[in-house]
Amino acid sequence: MRHTKQSGLLASREQWLQQMHGDYKKTKQRWRNQVIAVRSSLLLLFFVLWEAGARMGWIDELLFSYPTKIFRQIWGDMVSGSLWPHLGITVGETAVGFVLGTLLGTLLAVIIWWSPFLSAVLDPYMVVFNSMPKVALGPIFIVMFGAGFTAIVVTTLSITVIITTLVVYNSFCSVDPNLVKVVRSFGASRVQVFFKVILPASFGTVVSTLKVNVGMSWVGVIVGEFLVAKSGLGYLIIYGFQVFNFTLVMSSLLIIAAVATAMYQLVVYLEKRLLSGR
Amino acid sequence: MLPVVQLKGVTHAYLGDREASLAVEDLNLNVEQGEFVSLVGPSGCGKTTLLSIIAGLLQPSQGEVFVNGEPILGPSPEVGYMLQQDYLFPWRSILGNAILGLELTGSLNEESRKRTLELLREMGLEGKEHVSPSQLSGGMRQRVALVRTLATNPGLLLLDEPFSALDYQIKLQLEDLVSETLRSRGTTAILVTHDLSEAIAVSSSVILLQRNPGKIRKIFSVPEQIRSAPPLFARDQPGFSELFHEIWKEMEIAGRES
């Protein structure tokens with residue numbers, strides 16, 4: 001008797017918990033749906049207002065163009081194929097600048113971690129170089145490497161490398177010294193300390209600097225293309241500006257926004273994959 | 001027989017920008033095979049400094065340290081070191097943490113791996129080999145740290161307040177486990193602690209240090225009946241509280257003098 005009563009109690013408790021959980025999930029889902037709905041209507045409203053504003057003469061059509069014209073332009077360029085080389089070169093430059101910037105920055109961080117003396121020596125130089133507007137070096141790079149791919153990648157590197165070095169080096173230094181003490185007590189060499197403790201402990205930081213570097217690389221590449229101006233999305237913007245075709249400028253901006261977001265998401269996905277194995 | 005640890009005139013000074021301060025001065029000490037020695041004393045008496053010197057993590061400014069007759073020039077696998085907290089690596093599994101020392105000393109093979117698994121099982125960690133450290137309680141984590149230290153089979157174990165961060169009940173259990181494990185392996189051990197009753201319960205002799213600068217004040221030998229009882233019961237043995245008060249009084253006097 002008592003046993004059945006108890007198991008009945010147990011079952012009803014189970015039921016109650018499940019119902020609570022179901023309600024909770026429903027509320028959460030509703031909230032998520034609301035966010036998505038408001039988010040997309042905001043975007044839609046923006047385009048509608050833009051379109052209406054330009055057609056009704058509230059904003060200068062020549063300067064701001066309007067969405068249907070811009071999408072027609074993008075579609076036309078996609079179909080005619082004239083967009084792809086520009087897109088390809090810009091994405092290529094960004095990818096190379098991003099990967100090289102991260103690798104070089106991390107490598108530099110490893111070197112100065114290795115030698116505290118070198119770190120002390122280089123510290124003021126890095127601070128100066130980091131606070132300097134690197135874009136100002138653009139003309140020098142163009143003369144050094146010729147107006148093209150290399151100069152643009154180097155401009156990008158000048159923006160990404162030092163900040164990567166500073167962030168990664170900082171994360172190396174903030175690893176709990178007791179973790180180092182643990183491996184040192186086993187007689188670990190400096191190489192072992194680095195690969196068994198420092199690197200795995202700051203892996204998360206290294207990966208998250210990747211995300212910052214995506215944005216930085218885009219800045220470097222677009223500015224580089226502004227300066228060199230032969231091809232690429234940055235070139236399209238400058239060209240559109242020079243011939244006063246702001247539809248071209250706006251469509252390039254939209255494409256940049258889309259591709260940069262895609263690249264960022266790719267890095268976020270990579271981060272998840274890399275960190276999930278731990 | 002050769003003492004496991006020999007300190008000869010060990011003096012160490014910490015050098016800072018403002019001054020050089022003397023941490024320990026002219027320490028002489030022998031620890032015999034299988035002994036369990038506790039270092040107690042007020043904070044700043046150089047307990048941890050002394051341990052770091054014996055571990056080879058710190059080179060003394062003066063004097064010599066020998067472990068098994070060999071001068072200590074750096075950390076060696078002969079000497080195990082256990083810290084206040086477990087400091088398990090969060091990115092490694094429990095087994096991964098336990099074999100860390102074997103990996104670093106290049107002695108990881110099928111046999112040593114098996115021995116480590118066996119050790120984990122002895123410590124009541126069976127079935128936890130592949131979970132991550134964050135899923136274990138504080139006491140379990142410290143047991144993993146103990147396995148990590150013992151896996152390389154050190155003849156000398158240095159314990160730097162390894163129980164101080166634990167709940168009282170867990171601490172008593174772990175004291176029993178450590179002292180039982182060390183006794184069965186015949187491992188020599190040096191324990192740094194600020195818990196006087198813990199020092200008496202687990203060790204064969206208690207060394208009282210005084211500060212400014214760190215020096216040995218007095219060495220107390222723990223009577224056989226307390227020594228041979230497991231730490232939890234040692235506290236109930238006759239003579240325990242007398243010894244406790246004796247050391248306590250000496251500490252008080254030392255505190256007034258310095």
Side-chain angles (χ1 to χ4, degrees), chain A residues 102 106 109-110 113-117 119-121 123-124 167-211 268-278, chain B residues 48 51-59 67 72-93 96-108 131-134 141-142 144-146 148-154 156-162 165:
Chain A
T102 309
T106 308
V110 173
W113 175 83
W114 209 271
S115 159
F117 181 74
S119 153
V121 169
D123 182 63
V167 173
V168 172
Y169 175 67
N170 246 326
S171 82
F172 283 174
C173 290
S174 56
V175 173
D176 190 339
N178 285 304
L179 295 183
V180 176
K181 199 170 177 184
V182 167
V183 293
R184 281 239 297 133
S185 76
F186 287 114
S189 64
R190 204 153 168 79
V191 180
Q192 283 179 319
V193 170
F194 182 75
F195 284 105
K196 298 285 180 192
V197 187
I198 303 291
L199 195 59
S202 23
F203 197 65
T205 318
V206 174
V207 174
S208 72
T209 59
L210 293 183
K211 285 197 276 192
V268 170
Y269 171 75
L270 271 179
E271 178 181 19
K272 254 194 210 141
R273 283 292 301 273
L274 285 172
L275 293 180
S276 72
R278 291 142 62 81
Chain B
T48 299
L51 222 51
S52 296
I53 288 174
I54 301 171
L57 293 169
L58 207 60
Q59 287 301 315
V67 171
I72 281 285
L73 301 168
S76 90
E78 241 326 274
V79 183
Y81 193 78
M82 202 168 158
L83 291 102
Q84 257 174 53
Q85 282 169 43
D86 50 79
Y87 296 115
L88 297 179
F89 293 3
W91 59 87
R92 281 172 172 249
S93 68
N97 269 290
I99 59 172
L100 179 70
L102 295 170
E103 235 177 272
L104 291 167
T105 51
S107 48
L108 182 63
V131 306
S132 89
S134 60
R141 292 171 60 112
Q142 194 58 297
V144 178
L146 180 63
R148 176 179 64 192
T149 313
L150 293 177
T152 51
N153 230 341
L156 171 66
L157 193 58
L158 306 174
L159 304 153
D160 190 358
E161 301 193 37

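Side chains included, hydrogens not; waters and symmetry mates left out as well; all remaining heavy atoms used. Letters go in sequence order (proteins before strands), and every chain restarts at 1.
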Can you say whether [X] sits under 4.5 Å from chain A via the side chain, the backbone, both, or neither, judging by heavy atoms?
X	result
B/S76	backbone
B/S52	side chain
B/L88	backbone
B/L104	both
B/R148	both

key: Straight-line distance of B/L83 CG to A/S185 OG, nearest 0.5 Å   = 7.0 Å
Minimal non-hydrogen separation, [X] against [Y], with atom names:
X	Y	answer
B/W91	A/K196	CZ2-O, 3.4 Å
B/Y87	A/V182	CB-CG2, 3.9 Å
A/R184	B/L57	NH2-O, 3.3 Å

inquiry  = Side chains of A/F186 and B/E103, heavy atoms from C-beta outward: is any pair under 4.5 Å?
reply    = no
